[in-house]
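Worth knowing before you read on, the calculation uses all heavy atoms, side chains too, and leaves out hydrogens, waters and symmetry mates. Just so we're clear, the structure is a prediction, and the values are computed from it rather than from any experiment. Below, chains carry the letters A, B, ... as their sequence lines are ordered, and counting in each starts from 1.
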Amino acid sequence: MVHVLEARIRAALAAHIRGVYNLDVAVVTERPPRIEMGEIATPVCFDLAKRLKRAPRQIAAEISAQLPPIEGVERVEVAGGGYVNLFFARAAFLASVVKDAEAAPALAPADAPKCIVEHTNINPNKAAHIGHLRNAALGDTLVRVLRRAGRRVEVQNYIDNTGVQVADVVIGFVHIAKKSPAEVQALAAQPKFDYLCWDLYASVSRFFEEDKTRMALRGETLQSIESGVGAASEMAGIVAPAIVRCHLATMERLGIEYDLLPRESEILHLKFWDSAFEQLKQRNAIHLAASGKNAGCWVMRTDDTGNAAAAAEGTSEDDDAKIIVRSNGTVTYVGKDIAYQLWKFGLLGKDFQYEKFHTYADGRTLWSSVSSGGDSSAPAFGKAAIVYNVIDARQAYLQNVVVAGLRALGFNGAADRSIHFSYEIVALTPRCARELGYTLSEEDAKKPYVEVSGRKGLGVKADDLLDRLETAALAEVAERHPELPADEQTGIAHAIAIGALRYFLLKFTRTAIIAFDFKDALSFEGETGPYCQYAVVRARNIFRKLQEQEPAFAMASLARVDLAAASSLLTGIDGNSFWELVLLAGSLGTQIEAAVGAQEPAFIAKYAFQLAQAFNLFYHHHRVLTEEDSAKKVFLLQLSRLVEVKLVAALELLGIEAPEKM
RNA sequence: GCGGCUGUAGCUCAGAUGGAUAGAGCGCGUGCCUCCGAAGCACGAGGUCGGGAGUUCGAAUCUCCCCAGCCGCACCA
């Protein structure tokens with residue numbers, strides 16, 4: 001609601017300035033430092049002062065006196081050295097926020113431009129760890145925020161089922177564990193198969209270190225898997241899908257769902273690369289290096305930031321170019337990624353076939369790519385207007401190369417709308433690594449944090465962390481609500497655990513490296529998900545008690561704001577504190593806009609915490625149910641309801657459920 | 001070497017597009033449950049915003065130069 005009014009104010013000021021001073025200026029608005037100074041301020045007169053060669057305060061006085069009335073704005077004041085401060089009509093604002101809170105958010109029409117968000121993308125060869133959780137939590141929250149902002153979103157989780165990491169685990173099963181495909185099939189049907197592979201994968205690293213000649217196995221294994229023929233391919237065909245199901249189950253615990261699993265095997269078998277290769281050659285986006293260290297490779301020249309450089313004939317610069325096709329004729333990961341990115345925009349000229357892979361509890365169908373015999377009822381995937389790739393910051397260079405590839409093909413629009421949704425990694429504090437039983441090298445022990453490594457088996461497994469959180473939460477719930485049946489207790493504990501985990505992963509901005517520590521991640525106090533959830537529970541307790549004490553209370557009366565009563569209650573010292581709460585509750589839309597604009601889910605997390613904090617303050621200062629003045633009681637109930645609705649909505653965007661009790 | 005990110009309170013981090021007195025959580029200290037639940041609230045201590053120069057009416061924010069740390073720059077993904 002605030003963002004609507006703010007936009008209106010900006011437009012009105014810009015129009016007024018254009019009319020009176022004949023100047024076109026971009027009007028910047030901001031929040032004044034204190035609530036007594038109004039809700040919106042603009043420093044635009046400092047700008048005007050320069051161009052009109054007059055004192056800013058004088059201009060501000062002129063504007064505030066002459067500005068025509070703006071709907072929703074009660075008065076305008078001059079402040080400081082030349083600020084124009086605007087004051088909202090408080091009661092009317094409350095009424096509109098209350099009305100807005102009852103309306104369901106608008107969904108995107110079926111023909112709206114589509115956004116694709118690709119996230120999670122865990123190699124299907126081991127259990128998911130804390131680093132993967134950050135990717136998935138960020139990606140899923142981006143999806144929720146975009147949908148709430150009225151966008152149509154398709155969620156993809158790319159499965160590299162033919163890569164080195166899967167090959168390594170296959171080597172582990174064949175050469176270390178000495179298992180037959182049938183035996184692996186049986187193991188894959190057991191619970192925690194991903195844990196078994198986690199350990200096996202770490203042992204494969206040691207297996208290679210012991211005898212470097214064993215590396216030859218990797219080439220053979222990879223070739224079998226890529227071609228789809230042979231024993232290794234058969235084994236990979238068992239391992240990868242089984243691990244994918246483990247990952248899906250882990251993510252489902254966190255409330256994360258996908259629409260499509262595009263698999264690398266189909267990109268290979270349906271020869272997506274061949275189509276991309278033809279386009280790249282035709283447009284001279286890549287060329288065959290004739291000499292130098294990359295002789296015999298197809299390379300793409302890029303500048304330092306990954307922009308495609310002119311692909312003129314030459315030799316020396318080829319050494320710095322990015323190899324797309326190796327001298328043995330096989331395509332690199334980046335090449336395949338260019339093909340995949342083209343497909344996402346509908347620019348490849350080829351499509352996958354699809355089959356149903358999984359049905360979620362809410363009825364959503366998860367599809368997987370297949371190379372033949374697809375289901376003709378599959379929806380139309382791909383052909384997006386905007387593509388968000390949720391990938392960690394270390395891969396920025398490669399993402400730039402992919403975009404450079406699109407640009408070199410002349411797809412500048414698609415290149416501009418290819419967004420690397422970048423984020424920093426989750427690392428472990430040295431203390432945490434030791435706690436997990438790892439002995440650190442001297443070098444690592446000195447560092448502020450240690451990188452998680454699936455290859456070394458160093459990391460906090462997602463399901464382990466969730467289990468610990470659920471256990472800790474259950475202990476709290478059992479103590480507070482011994483009367484509740486066990487299944488209800490575990491349900492609440494689950495919600496709290498997810499709240500703590502997702503909030504922990506989302507409260508940091510994307511550029512912050514998270515140094516993981518169990519102490520912080522397991523906390524339910526302070527700036528945490530459970531703190532926000534608890535504020536909702538408090539609000540709900542008020543209404544539960546109200547129903548018990550006054551069953552006849554007309555809940556419908558909460559939907560109608562008495563303007564006269566609200567106006568008087570929103571005045572004065574107490575009025576200001578009420579007003580701050582109303583204003584914050586009416587700012588969710590502003591926060592969503594900011595989160596989409598800056599591509600920063602942490603904005604929503606910060607907002608949820610601030611709103612919870614403001615409500616806790618309100619809760620502490622005002623006793624709602626014992627309020628004698630009936631008009632004031634209705635008002636206090638309206639504020640409580642407003643906060644409940646907005647906080648639940650904010651938490652929903654973070655993928656956090658607010659329980660009825662906790 | 002080239003490119004990117006980071007440096008704000010004891011610790012972990014917010015301060016998007018320059019704006020009024022730089023904030024939060026944790027930790028520490030002191031208080032607050034006969035009360036809609038204390039997973040809470042209040043108060044307090046704690047800052048050369050890495051350093052320096054510049055642009056500006058105004059800089060934590062923009063520019064340049066240093067310093068420190070991290071990450072990229074594979075015929076791996």
Side-chain angles (χ1 to χ4, degrees), chain A residues 26 28 30 32-34 37 41-43 46-47 49-50 55-56 79-83 85 121 123 160 163-165 218 264 293-294 296-299 303-306 320 322-330 332-334 336-337 392-398 400 422 424-425 427 447-449 451 473 476-477 480 496 500 507-509 511-515 517 519-520 523-528 530-535 537-546 549 594-595 597-600 602-603 605-606 609-610 612-613 616-617 619-627 636 640 661-662:
Chain A
V28 173
E30 62 194 43
R34 288 196 312 280
M37 304 167 89
T42 176
F46 296 109
D47 215 17
K50 236 180 309 186
Y83 287 93
N85 290 358
N121 302 5
N123 273 299
D160 184 2
V164 172
Q165 296 210 21
R218 187 186 269 172
E264 184 169 75
K293 65 173 186 175
N294 294 334
C297 298
W298 286 86
V299 300
D303 65 17
D304 291 333
T305 56
D320 299 325
K322 183 67 198 170
I323 292 170
I324 305 297
V325 179
R326 303 182 187 102
S327 55
N328 68 4
T330 58
T332 59
Y333 160 78
V334 193
K336 282 179 277 193
D337 226 27
D392 76 64
R394 294 175 299 188
Q395 301 203 45
Y397 169 67
L398 293 168
N400 285 337
S422 155
E424 276 295 348
I425 57 164
K447 289 184 175 178
Y449 43 75
E451 197 177 328
E476 293 282 334
V477 174
R480 287 156 203 254
I496 294 169
K507 74 174 175 178
F508 300 96
T509 51
T511 52
I513 294 173
I514 299 180
D517 203 321
K519 185 176 154 291
D520 296 332
S523 172
F524 297 153
E525 291 165 16
E527 193 188 347
T528 65
Y531 176 96
C532 301
Q533 291 169 310
Y534 188 65
V537 167
R538 280 179 144 177
R540 287 179 171 164
N541 281 344
I542 294 173
F543 290 102
R544 189 180 304 112
K545 263 278 174 18
L546 179 68
Q549 291 174 2
Q599 294 162 30
E600 187 48 90
F603 288 0
K606 291 284 170 198
F609 177 66
Q610 280 172 14
Q613 220 175 14
N616 274 332
L617 192 60
Y619 184 89
H620 187 253
H621 284 314
H622 306 282
R623 199 142 299 278
V624 178
L625 295 178
T626 54
E627 176 57 49
L636 294 176
S640 305
K661 296 179 183 176
M662 67 184 274

A.B. asks: Could you tell me whether Tyr531(A) contacts a base, only the sugar-phosphate backbone, or nothing, with contacts defined as non-hydrogen atoms closer than 4.0 Å?
C.D. replies: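 Sugar-phosphate contact only - Tyr531(A) comes under 4.0 Å of backbone atoms but never of a base.
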
A.B. asks: Find out whether Leu625(A) and Leu546(A) are in side-chain contact, i.e. whether some heavy atom of one side chain is under 4.5 Å from a heavy atom of the other.
C.D. replies: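 Counting from C-beta outward, Leu625(A) and Leu546(A) do come under 4.5 Å.
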
A.B. asks: For Asp392(A) and C5(B), give me the distance from atom CG to atom P, rounded to whole Å.
C.D. replies: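 Roughly 15 Å, once rounded to whole Å.
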
A.B. asks: Over how many whole Å does the gap from Glu424(A) atom CD to G4(B) atom P extend?
C.D. replies: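 Whole-Å distance recorded here is 15 Å.
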
A.B. asks: Nearest to the Met662(A) side chain among A39(B), C57(B), G19(B), which nucleotide is it?
C.D. replies: A39(B)

A.B. asks: Between Tyr83(A) and Phe46(A), what is the ring plane arrangement, given parallel below 30°, perpendicular above 60°, and tilted in between?
C.D. replies: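 It falls in the perpendicular class, over 60°.
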
A.B. asks: When the C1' atoms of A20(B) and A59(B) are considered, how many whole Å apart are they?
C.D. replies: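 One C1' to the other, the span is 14 Å.
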
A.B. asks: Looking at G58(B) and Phe46(A): do their rings stack (centroid distance under 5.5 Å, interplanar angle under 30°)?
C.D. replies: no

A.B. asks: Tell me whether the side-chain N/O atoms of Arg540(A) come closer than 4.0 Å to OP1 or OP2 in C36(B).
C.D. replies: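 So the side chain of Arg540(A) is outside the cut-off, no N or O lying under 4.0 Å from OP1 or OP2 of C36(B).
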
A.B. asks: Would you call Lys519(A)-Asp517(A) a salt bridge at under 4.0 Å N-O?
C.D. replies: no

A.B. asks: Check whether the side chains of Arg538(A) and Asn541(A) place a donor and an acceptor atom closer than 3.5 Å, and report yes or no.
C.D. replies: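 Not at all, the side chains of Arg538(A) and Asn541(A) share no donor-acceptor pair under 3.5 Å.
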
A.B. asks: Any idea which of A74(B), U21(B), G25(B) is nearest the Phe609(A) side chain?
C.D. replies: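 Nearest nucleotide to the side chain: G25(B).
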
A.B. asks: Quick check on RNA chain B: between Gln613(A) and Leu625(A), whose nearest nucleotide comes earlier from the 5' end?
C.D. replies: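 First, find each residue's nearest nucleotide; the 5'-ward one identifies Gln613(A).
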
A.B. asks: When you measure from the side-chain N and O atoms of Asn541(A) to the phosphate of G37(B), is any distance below 4.0 Å, counting only OP1 and OP2?
C.D. replies: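 Yes, because at least one side-chain N or O of Asn541(A) sits under 4.0 Å from OP1 or OP2 of G37(B).
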
A.B. asks: Taking all non-hydrogen atoms of both residues into account, name the closest pair between Ala393(A) and Glu424(A) and its distance.
C.D. replies: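 The answer is CB-OE2, 3.8 Å.
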
A.B. asks: Take atom C1' in U8(B) and the same atom in G15(B), then report the distance between them in whole Å.
C.D. replies: 9 Å

A.B. asks: Taking the side chain of Pro33(A) as its heavy atoms from C-beta onward, which of C75(B), G40(B), A20(B) lies nearest to it?
C.D. replies: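 So the nucleotide nearest the side chain must be A20(B).
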
A.B. asks: Roughly how far apart, to the nearest Å, are U34(B) and A22(B) at atom P?
C.D. replies: 39 Å

A.B. asks: Can a side-chain donor-acceptor contact be found between Tyr534(A) and Asn616(A) if the only test is distance below 3.5 angstrom?
C.D. replies: no

A.B. asks: Classify the side chain of Arg480(A) versus the base of A39(B) as yes if they form a donor-acceptor pair under 3.5 Å and no if they do not.
C.D. replies: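 Flag set: donor-acceptor pair detected.
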
A.B. asks: A side-chain contact here means heavy atoms from C-beta on lying under 4.5 Å apart; do Gln395(A) and Asp392(A) qualify?
C.D. replies: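 Counting from C-beta outward, Gln395(A) and Asp392(A) do come under 4.5 Å.
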
A.B. asks: Starting from C1' on G19(B), measure out to CG on Asp47(A) and report it in whole angstrom.
C.D. replies: 12 Å

A.B. asks: Partner of A16(B) by Watson-Crick or G-U wobble geometry, both contacts under 3.5 Å, or none?
C.D. replies: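 Across all strands, not a single nucleotide pairs with A16(B).
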
A.B. asks: Phosphate oxygens OP1/OP2 of A39(B): is one of them under 4.0 Å from a side-chain N or O of Tyr534(A)?
C.D. replies: yes

A.B. asks: From the options A77(B), A39(B), G19(B), select the nucleotide whose nearest atom is closest to the side chain of Glu30(A).
C.D. replies: G19(B)

A.B. asks: Look at all strands and tell whether Asp520(A) reaches a base, only sugar-phosphate, or nothing, counting heavy atoms closer than 4.0 Å.
C.D. replies: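 No contact.
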
A.B. asks: Strictly by Watson-Crick or wobble contacts shorter than 3.5 Å, is anything paired with A42(B), and which nucleotide is it?
C.D. replies: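 The base-pairing partner of A42(B), which may sit in any strand shown, is U30(B).
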
A.B. asks: Work out how far the C1' atom of C5(B) is from that of G47(B), and round it to whole angstrom.
C.D. replies: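 C5(B) and G47(B) have their C1' atoms separated by 24 Å.
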
A.B. asks: Could you tell me if the side chain of Met662(A) sits less than 4.5 Å from the side chain of Glu476(A), heavy atoms only?
C.D. replies: no

A.B. asks: Grab the CD-P distance between Gln549(A) and C35(B) for me, whole Å please.
C.D. replies: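 After rounding, the reported distance stands at 13 Å.
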
A.B. asks: Considering every strand and a 4.0 Å limit on heavy-atom distances, what is the contact class for Val624(A): base, sugar-phosphate, or nothing?
C.D. replies: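 It contacts base atoms.
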
A.B. asks: Base, sugar-phosphate, or nothing for Ala393(A), non-hydrogen atoms under 4.0 angstrom?
C.D. replies: nothing

A.B. asks: For Glu525(A), answer base if it contacts any base atom (sugar-phosphate contacts may also be present), sugar-phosphate if it contacts only those atoms, and nothing otherwise; contact means non-hydrogen atoms under 4.0 Å.
C.D. replies: sugar-phosphate

A.B. asks: Please pick, from C5(B), C13(B), A39(B), the nucleotide with the shortest atom-to-atom distance to any side-chain atom of Ala512(A).
C.D. replies: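 Out of C5(B), C13(B), A39(B), the nucleotide with an atom closest to Ala512(A)'s side chain is C13(B).
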
A.B. asks: Among C36(B), G19(B), A24(B), which is the nearest nucleotide to the side chain of Ile542(A)?
C.D. replies: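 The answer is C36(B), which lies nearest to the side chain.
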
A.B. asks: Under 4.0 Å between any heavy atoms, over every strand shown, what does Arg623(A) touch: base, sugar-phosphate, or nothing? Just pick one.
C.D. replies: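 It contacts base atoms.
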
A.B. asks: Taking the P atom of each, how far is C43(B) from A24(B), in whole Å?
C.D. replies: 10 Å

A.B. asks: To the nearest Å, how far apart are Asn121(A) CG and A77(B) C1'?
C.D. replies: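 Going from Asn121(A) (CG) to A77(B) (C1'), I get 12 Å.
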
A.B. asks: Now, which nucleotide makes the Watson-Crick or G-U wobble pair with G3(B), with each of the two distances under 3.5 Å?
C.D. replies: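 G3(B) is paired, partner C71(B).
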
A.B. asks: For Ile514(A) and C70(B), give me the distance from atom CD1 to atom P, rounded to whole Å.
C.D. replies: 19 Å

A.B. asks: Just call it for Tyr449(A): base, sugar-phosphate, or nothing, with non-hydrogen atoms closer than 4.0 Å on any strand.
C.D. replies: sugar-phosphate

A.B. asks: Under the rule syn = chi within 90° of 0, otherwise anti, which is C33(B)?
C.D. replies: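 Classified syn.
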
A.B. asks: What interatomic distance, in whole Å, is found between C1' of C65(B) and the corresponding atom of G72(B)?
C.D. replies: 24 Å

A.B. asks: Suppose we call a contact any N or O donor and acceptor under 3.5 Å apart; does that hold for the side chain of Ser327(A) and the base of C75(B)?
C.D. replies: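 Yes, the side chain and the base share a sub-3.5 Å donor-acceptor pair.
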
A.B. asks: Rounded to whole angstrom, note down the P distance from U6(B) over to U61(B).
C.D. replies: 13 Å

A.B. asks: Can you identify which nucleotide, out of G37(B), U12(B), A77(B), has its nearest atom closest to the Phe508(A) side chain?
C.D. replies: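 Looking only at side-chain atoms, Phe508(A) lies closest to U12(B).
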
A.B. asks: Counting Watson-Crick and G-U wobble pairs only, both distances under 3.5 Å, name the nucleotide matched with C64(B), or none.
C.D. replies: G52(B)

A.B. asks: Hunt down the Watson-Crick or G-U wobble partner of A59(B), both distances under 3.5 Å, from any strand shown, or write none.
C.D. replies: none

A.B. asks: CG of Leu617(A) versus P of A24(B): gap in Å, rounded?
C.D. replies: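 Spelled out: CG on Leu617(A) to P on A24(B) is 13 Å.
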
A.B. asks: Looking at the base of G40(B), is there any donor atom on it, or on the side chain of Asn616(A), that sits under 3.5 Å from an acceptor on the other one?
C.D. replies: no

A.B. asks: Tell me which nucleotide among C5(B), C71(B), G19(B) gets nearest to the side chain of Thr511(A).
C.D. replies: C5(B)

A.B. asks: Say we look at G25(B) and C62(B): how far apart would their C1' atoms be, to the nearest angstrom?
C.D. replies: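 Pairwise C1' distance, G25(B) against C62(B), rounds to 30 Å.
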
A.B. asks: RNA chain B: Leu398(A) or Lys519(A), which has the more 5' nearest nucleotide?
C.D. replies: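 Looking at RNA chain B, the more 5' nearest nucleotide goes with Lys519(A).
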
A.B. asks: Mind checking if Ala41(A) touches a base, just sugar-phosphate, or nothing, with heavy atoms under 4.0 Å?
C.D. replies: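 Counting heavy atoms under 4.0 Å across all strands, the contact made by Ala41(A) includes a base.
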
A.B. asks: Is any side-chain nitrogen or oxygen of Gln599(A) closer than 4.0 Å to OP1 or OP2 of A16(B)?
C.D. replies: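 No, no such contact exists.
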
A.B. asks: Below 4.0 angstrom from OP1 or OP2 of G58(B), is there any side-chain N or O of Tyr83(A)?
C.D. replies: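 So the side-chain polar atoms of Tyr83(A) never come under 4.0 Å of the phosphate oxygens OP1 or OP2 of G58(B).
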
A.B. asks: Are the side chains of Arg623(A) and Leu636(A) in touch, meaning some heavy atoms are under 4.5 Å apart?
C.D. replies: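 Not touching, per the 4.5 Å side-chain cut-off.
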
A.B. asks: Could you please name the partner base of C35(B), counting Watson-Crick and G-U wobble pairs only when both distances are under 3.5 Å?
C.D. replies: none

A.B. asks: May I have the distance from Asn400(A) (atom CG) to C71(B) (atom C1'), rounded to whole angstrom?
C.D. replies: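 Distance check: Asn400(A) CG to C71(B) C1' gives 14 Å.
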
A.B. asks: Heavy atoms, side chains only, cut-off 4.5 Å: are Ile496(A) and Val477(A) in contact?
C.D. replies: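 In contact.
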
A.B. asks: Give one of base, sugar-phosphate or nothing for Leu546(A), where a contact means two heavy atoms less than 4.0 Å apart.
C.D. replies: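 Since no nucleic acid heavy atom lies under 4.0 Å of Leu546(A), the category is nothing.
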
